[in-house]
Amino acid sequence: MREKILKIIFWLAVLYVIVPIMMPIIYSFSEAWTGLIPKGFTLDWYKIIFSNPNYQPSLILSLFVASSATLLNIVLTVPAAYAVNRLRGKLAIFLEDTFKILPLIFPPLIVGLGLLQAFTSPPLAISGTTTAVIIAHALLGLPFMFRNVYASLKTIDERTLSEAASSLGANLWQRMRYVIIPNIIPGILSGSLLVFAISFGEFEVTSMVAGFGSQTLPLILFQEMRNNFRIASAITAILVYVSLTAFMIIVYIGSKVQKGYKV
Amino acid sequence: MKALVVKDLHKSFGNVRAVVGFTLEMEEGEFVTLLGPSGCGKTTVLRTVAGFEKADKGEIYIFGKLSNDIPPEKRDVGMVFQNYALFPNMTVAQNIAFSMMIRKEPQDKIKKRVGELLELVQLSGLENRYPHQLSGGQMQRVALARALAKNPKILLLDEPLSALDAKVRQQLRGEIRKLQMKLGITTLFVTHDQEEALTMSDRIVVMKDGVIQQIGSPRQIYDDPINPFVAHFVGTSSFLEGEMLDGKIFIWKDERFEVRKSKVKNGKALMVLRPTHLKMVKDEENVPDGSNVMKGRVSLVTFLGSVVRVHVMIKEEEILVEMPSEDFWGFKEGDEVIVYFSPDFPLVFPKEQNIQ
């Protein structure tokens with residue numbers, strides 16, 4: 001009996017997660033949806049999106065921004081997590097909390113306002129540019145990447161592995177290349193996935209720091225929701241497809257990098 | 001030339017003095033164990049020799065070469081860690097070959113050496129396994145082979161057996177020692193386990209609070225501990241607090257014992273009795289002349305396999321007596337017994353030396 005109730009709760013939870021994602025996808029393939037069941041099957045909405053010159057650049061831009069934000073994030077966060085993991089004492093705990101929690105406490109609106117301020121005055125007067133959007137997205141994703149990478153470093157006991165490698169003659173670069181990076185790659189990849197997904201779907205902060213030249217897909221989506229809900233659904237669906245593809249690519253890369261060297 | 005010379009090593013972490021004035025010389029091929037409770041500085045010494053810690057003061061010479069400022073990757077030492085520290089992303093063969101790969105040695109040479117090493121640690125056939133597919137004992141063998149692969153001049157072992165099951169630990173203990181003697185490699189071993197220290201070492205260095213207490217062969221450390229701490233830490237002992245008279249008579253409660261090995265002439269003193277030094281009988285007739293005699297009551301009998309340990313309450317103190325199982329003839333809890341020992345055995349130390 002108890003087990004049955006738990007099962008029901010589990011499936012309700014699954015539905016709760018999946019339905020909101022599935023709805024726009026189903027909607028984007030249907031001709032009409034007035035009753036409970038959608039009617040007809042069509043690719044028209046996608047055709048419109050891909051033929052309309054407004055949408056294509058923003059899709060490419062979104063992909064570019066999300067990839068760049070992810071890369072920038074890796075470059076910043078992996079060394080940061082490595083350094084914090086190497087520190088001892090109060091400073092380490094403080095920094096760990098800062099990276100993990102602080103960016104999550106502030107609502108995106110506040111982060112957006114802060115960035116807007118920073119980007120409007122020299123030396124960083126880049127407001128409205130794609131660079132500004134990339135930097136903003138990298139920042140928003142930082143706590144997620146940090147958590148994952150930091151947890152990986154702790155799990156593999158990076159200190160001891162590095163010591164073992166150095167006692168076997170490996171210098172810093174070789175330790176990174178053969179031991180540390182391959183073993184924290186799962187953390188980096190799951191962090192990347194989150195950063196990519198956050199960037200790809202980000203609306204609030206983007207709407208504040210983006211200009212006319214940096215209209216990402218979610219911004220277009222927001223405009224389109226008022227005009228044509230069906231096209232908006234198709235755009236949403238595309239966001240989901242891209243995130244899933246990114247997920248699969250990342251899993252593939254992970255399986256390649258993690259292998260040792262050839263003996 | 002000495003294989004390893006550590007001269008007046010000092011190391012502190014913040015306010016904690018981890019190592020204070022540590023000096024040790026090791027001959028080539030020698031197996032030396034640093035023994036002590038956790039926090040005694042033994043691991044810090046090892047890590048300083050490996051190059052992971054920088055000495056505050058003092059010098060480290062590896063085969064005559066001053067090594068204080070040589071980074072760990074350039075030192076001629078191999079290290080085995082307590083938690084194995086195998087690279088999880090690499091197979092057994094890749095782990096073992098790591099140092100040779102770093103040195104860019106030719107593939108066929110690496111292959112041959114990996115094969116030899118696997119045979120040496122009895123793991124042939126497991127080269128393509130990953131660490132998570134191995135047992136603890138197998139992982140530590142791989143770690144040992146990996147450390148030996150670069151032909152280090154000194155092998156450093158940091159509590160390599162602590163994480164293993166009792167049975168595997170005992171087996172590997174013997175194997176490591178045999179391997180070490182076969183290869184003739186100078187080895188510095190760290191442990192808190194006195195049994196490991198006693199069974200494996202040429203010499204033992206007993207440490208406490210960063211300071212060396214005693215250096216000596218296992219036999220010396222056990223038979224002739226320099227202070228009550230060493231006596232307490234290595235082997236089992238009973239301690240009696242009393243008073244020395246003229247360097248010959250030890251007065252404990254209202255008993256008077258004759259002793260021959262006392263470091264105290266007069267005044268408060270601590271007597272160390274090894275359980276094996278004590279004998280136990282039912283009637284006084286069987287006690288040899290000249291023995292020190294005490295009367296007591298058996299409070300507990302524990303069977304330890306090859307020996308039987310009897311706890312005897314004598315004047316509200318519990319004293320341990322051990323005898324070979326085959327010599328044990330049915331003492332029971334509650335029996336009145338006579339415990340005696342020869343004046344040659346017990347050591348007497350000044351009272352101010354604490355056993356902790």
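The figures that follow rest on heavy atoms only: side chains count, while hydrogens, waters and symmetry mates do not.
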Report, as yes or no, whether the 6.0 Å neighbourhood of atom [atom1] on [X] holds more than 12 heavy atoms from other residues, nucleotides or ligands.
X: B/K2; atom1: NZ; value: yes
X: B/R17; atom1: CZ; value: no
X: A/Y241; atom1: OH; value: yes
X: A/K154; atom1: NZ; value: yes

Residue set satisfying side-chain contact (heavy atoms from CB on, under 4.5 Å) with A/I93, at least two apart, ordered chain then number -> A/D97
With sequence neighbours left out, the residues meeting side-chain contact (heavy atoms from CB on, under 4.5 Å) with B/V168 are B/L164, B/D165
Turns out that what part of A/N171 lies under 4.5 Å from chain B's heavy atoms comes down to both
Practice task
Decide yes or no on side-chain hydrogen bond (donor to acceptor under 3.5 Å, both in side chains) for B/T91 and B/N128, but give the supporting numbers first.
Solution key: CA-CA 5 Å; B/T91 61; B/N128 293 322; 4.9 Å; no
Listed by number, the residues in residues 44-57 of chain B that come under 4.5 Å of chain A (heavy atom to heavy atom) are B/R47, B/F52
Those residues of residues 75-88 of chain B that come under 4.5 Å of chain A on a heavy-atom basis, listed by number, are B/V77, B/M79, B/F81, B/N83, B/A85, B/L86, B/F87, B/P88
Minimal heavy-atom distance between B/L148 and B/R113, with the atoms involved, is O-NH2, 3.1 Å
Residues B/G58 and B/N68: closest non-hydrogen pair is O-ND2, 2.8 Å
So, the part of B/K74 with a heavy atom under 4.5 Å from chain A: the answer is neither
query = In terms of ring plane angle, is the pair B/F98 and A/Y178 parallel, tilted or perpendicular, where the classes change at 30° and 60°?
reply = perpendicular
In terms of heavy-atom pairs under 4.5 Å with chain B, the winner among A/L161, A/L168, A/D157 is A/L168
Criterion salt bridge (Lys or Arg N to Asp or Glu O under 4.0 Å) on A/R159 and A/E163, from CA distance to verdict: CA-CA 6 Å; A/R159 255 167 184 267; A/E163 282 177 358; 5.1 Å; no
